[in-house]
There are 4 protein chains.
Amino acid sequence: MKPSAETRIRVRYAETDQMGVVYYANYLVWMEVGRVELCRACGFNYRDMEQDDGVLLAVAEANCRYSSPARFDDEVIVKTWIEEAGGRMVKFAYEMRLAADDRKLATGFTRHIFLTRELRPTRLPPKYFSMFGIDARRTAAPISTGTAHSACPTP
Amino acid sequence: MKPSAETRIRVRYAETDQMGVVYYANYLVWMEVGRVELCRACGFNYRDMEQDDGVLLAVAEANCRYSSPARFDDEVIVKTWIEEAGGRMVKFAYEMRLAADDRKLATGFTRHIFLTRELRPTRLPPKYFSMFGIDARRTAAPISTGTAHSACPTP
Amino acid sequence: MKPSAETRIRVRYAETDQMGVVYYANYLVWMEVGRVELCRACGFNYRDMEQDDGVLLAVAEANCRYSSPARFDDEVIVKTWIEEAGGRMVKFAYEMRLAADDRKLATGFTRHIFLTRELRPTRLPPKYFSMFGIDARRTAAPISTGTAHSACPTP
Amino acid sequence: MKPSAETRIRVRYAETDQMGVVYYANYLVWMEVGRVELCRACGFNYRDMEQDDGVLLAVAEANCRYSSPARFDDEVIVKTWIEEAGGRMVKFAYEMRLAADDRKLATGFTRHIFLTRELRPTRLPPKYFSMFGIDARRTAAPISTGTAHSACPTP
């Protein structure tokens, strides 16, 4: 099962721009809110993973496609799920909809690599594998292709 | 000739996060700074285009690949160029480098459509065609495929 | 009775800086969230006041005293109340506390004037007086000093 | 002599809100840009002070009075100076004006205390005293009143 979570955000005045709609970079902030809530829904705290295990989720790529503008005071539902995950990377996907009428606002994804506090690449500690939906056997298997995709949880 | 421009940005404390590096959404803000400066370098003012002609550049898609982190007080060079442009859309591309050692920080692109003040799709007024590097004949030609790509300026 | 409201905010990663705590300007964004929620609690929608009545609440002054830092993922309670209100201005006050242990994070205030869409000073429409806790008789009274303070609701 | 510096900022689209002017919290970001540039003008690098000496400038209070709105693409001049400084605190003051016509946009101040990396209060290392315009003799003198003001550089 692909872990997923929904979180609700109320659009802040600060997030709008002079076009009268939400400034495009703020959708990436909402994605962050979405994936932190997904972590919580999966049974772990992103803050603790950073503090206790020294594992940081650095963004390697971000993408967002904007369908319809969000406006001040709108309630937005951010649906977040893990699209791929392995010992070295994780890819989150997002869909943002207006709570009022279910209109699609945007879709996107972020690809992350795991880093140490010194910002060097590392592997996700095995204790988090199940939470990220990673199949530990496939990740460790000698016949693994070694790419992140091979370790991706099947939906 | 593909219009391009370079602009320099000093990283603000506000733009960092607790990882000690620039928060990923802020690169999209720098892209905005880059394309506004590109407009200026091309001989027109983005603000005037909005105010006088009522043409808005709405973002349809944004993408950023992060190579190396930027830090507080770093000087960053944002290189911006138009990768595609037509009467209905424009695609900007970006490359961000550290001024100190030319290290690549990130690359990305944004795709935009032209909107009226009421946020309805419109066409770019012809007077801006040359500034965006659009070949007016091809855009108007009956054999035009009508896609944005067909009107894209040749590098 | 002094209208007041409490709203809860979860600290975003985007709101932290490299000191590992929330960047100081973000408390002003939280104040905005607080006063929008206070408006809602008072029975009106700030967005509607802007859209339907063309009355904007422009900030004339903002102040914040920082007592203790907030951190990523902390839950913060923003208490907002109207400290003064009249036909020409309103002053909101704020207290931000950590939900976990009630520790005080910051206190502050914002003073606002009412503007038209063209950003010219105007008076608050009387229909909003009671919601802002304004005593209409005192505001209209010929012996009124005419200052905002004279029209301020008594606690 | 009171150390002061001027720095120029071009208003970003990201900094505007749906009122069509700069969102009020962003002035605090500009203040940060101003004081970092003031440090540079005074001959030291704020980043190095944090990294090499482990001294952080935490904000204890911020205040801003807004006179006239700034708009997208405006060039703003931020004048920053040290209003008070002692071994335990420093107070910066700011004036923001429009480059085009010298119109005053806002004035404000920020009060800071010095913290260690562990966010505990500390004293400014004496090597920075002259840069902050602190008179070392008065700071150390037994007849010092002990208040920050007594150590304030005379204009």
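The figures that follow rest on heavy atoms only: side chains count, while hydrogens, waters and symmetry mates do not. Note that the structure is predicted; figures quoted are calculated from it, not measured. To find a chain, count down the sequence lines: A is the first, B the second, and so on, and within it residues start at 1.
No other option in C:Ala62, C:Gly108, C:Ala106 has as many heavy-atom pairs under 4.5 Å with chain D as C:Ala62. Looking only at heavy-atom pairs under 4.5 Å with chain C, the residue among D:Ala58, D:Ala25, D:Cys64 that has the most is D:Cys64. Options C:Leu119, C:Val29, C:Val21, C:Val59 differ in how many heavy-atom pairs under 4.5 Å they form with chain D, and the most are formed by C:Val59.
For the pair C:Val33 and C:Val78, the minimum side-chain heavy-atom distance is 4.5 Å or more. Between D:Met31 and D:Phe92, every side-chain heavy-atom pair lies at or beyond the 4.5 Å cut-off. Under the 4.5 Å side-chain criterion, counting only non-hydrogen atoms from C-beta, D:Leu105 is in contact with D:Leu98. In this structure, D:Leu124 and D:Met49 have side chains that are in contact, with non-hydrogen atoms separated by less than 4.5 Å.
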Are there donor-acceptor atom pairs under 3.5 Å between chain C and chain D, and if so which?
residue : atom : partner : partner atom : Å
C:Gln18 : NE2  : D:Glu50 : OE1          : 2.8
C:Tyr23 : OH   : D:Glu32 : OE1          : 2.6
C:Tyr24 : OH   : D:Leu28 : O            : 2.4
C:Tyr24 : OH   : D:Arg35 : NH1          : 3.2
C:Leu28 : O    : D:Tyr24 : OH           : 2.5
C:Glu32 : OE1  : D:Tyr23 : OH           : 2.6
C:Arg35 : NH1  : D:Tyr24 : OH           : 3.1
C:Glu50 : OE1  : D:Gln18 : NE2          : 2.8
C:Ala60 : O    : D:Tyr66 : N            : 2.9
C:Glu61 : OE2  : D:Asn63 : ND2          : 3.2
C:Ala62 : N    : D:Cys64 : O            : 2.9
C:Ala62 : O    : D:Cys64 : N            : 2.9
C:Asn63 : ND2  : D:Glu61 : OE2          : 3.2
C:Cys64 : N    : D:Ala62 : O            : 2.9
C:Cys64 : O    : D:Ala62 : N            : 2.9
C:Tyr66 : N    : D:Ala60 : O            : 2.8

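For D:Cys42 against D:Pro3, the heavy-atom pair with the smallest separation is SG-CB, 3.6 Å. Between D:Ile134 and D:Gly87 the shortest heavy-atom distance is CD1-N, 4.3 Å. Considering every non-hydrogen atom in both C:Val11 and C:Ala70, the closest pair reads CG2-CB, 4.4 Å.
Atoms CD1 and CZ, on C:Ile82 and C:Phe132 in that order, are 5.5 Å from each other to the nearest 0.5 Å.
Neither the backbone nor the side chain of C:Leu115 comes within less than 4.5 Å of any heavy atom of chain D. With a 4.5 angstrom heavy-atom cutoff, D:Leu57 touches chain C only via backbone atoms.
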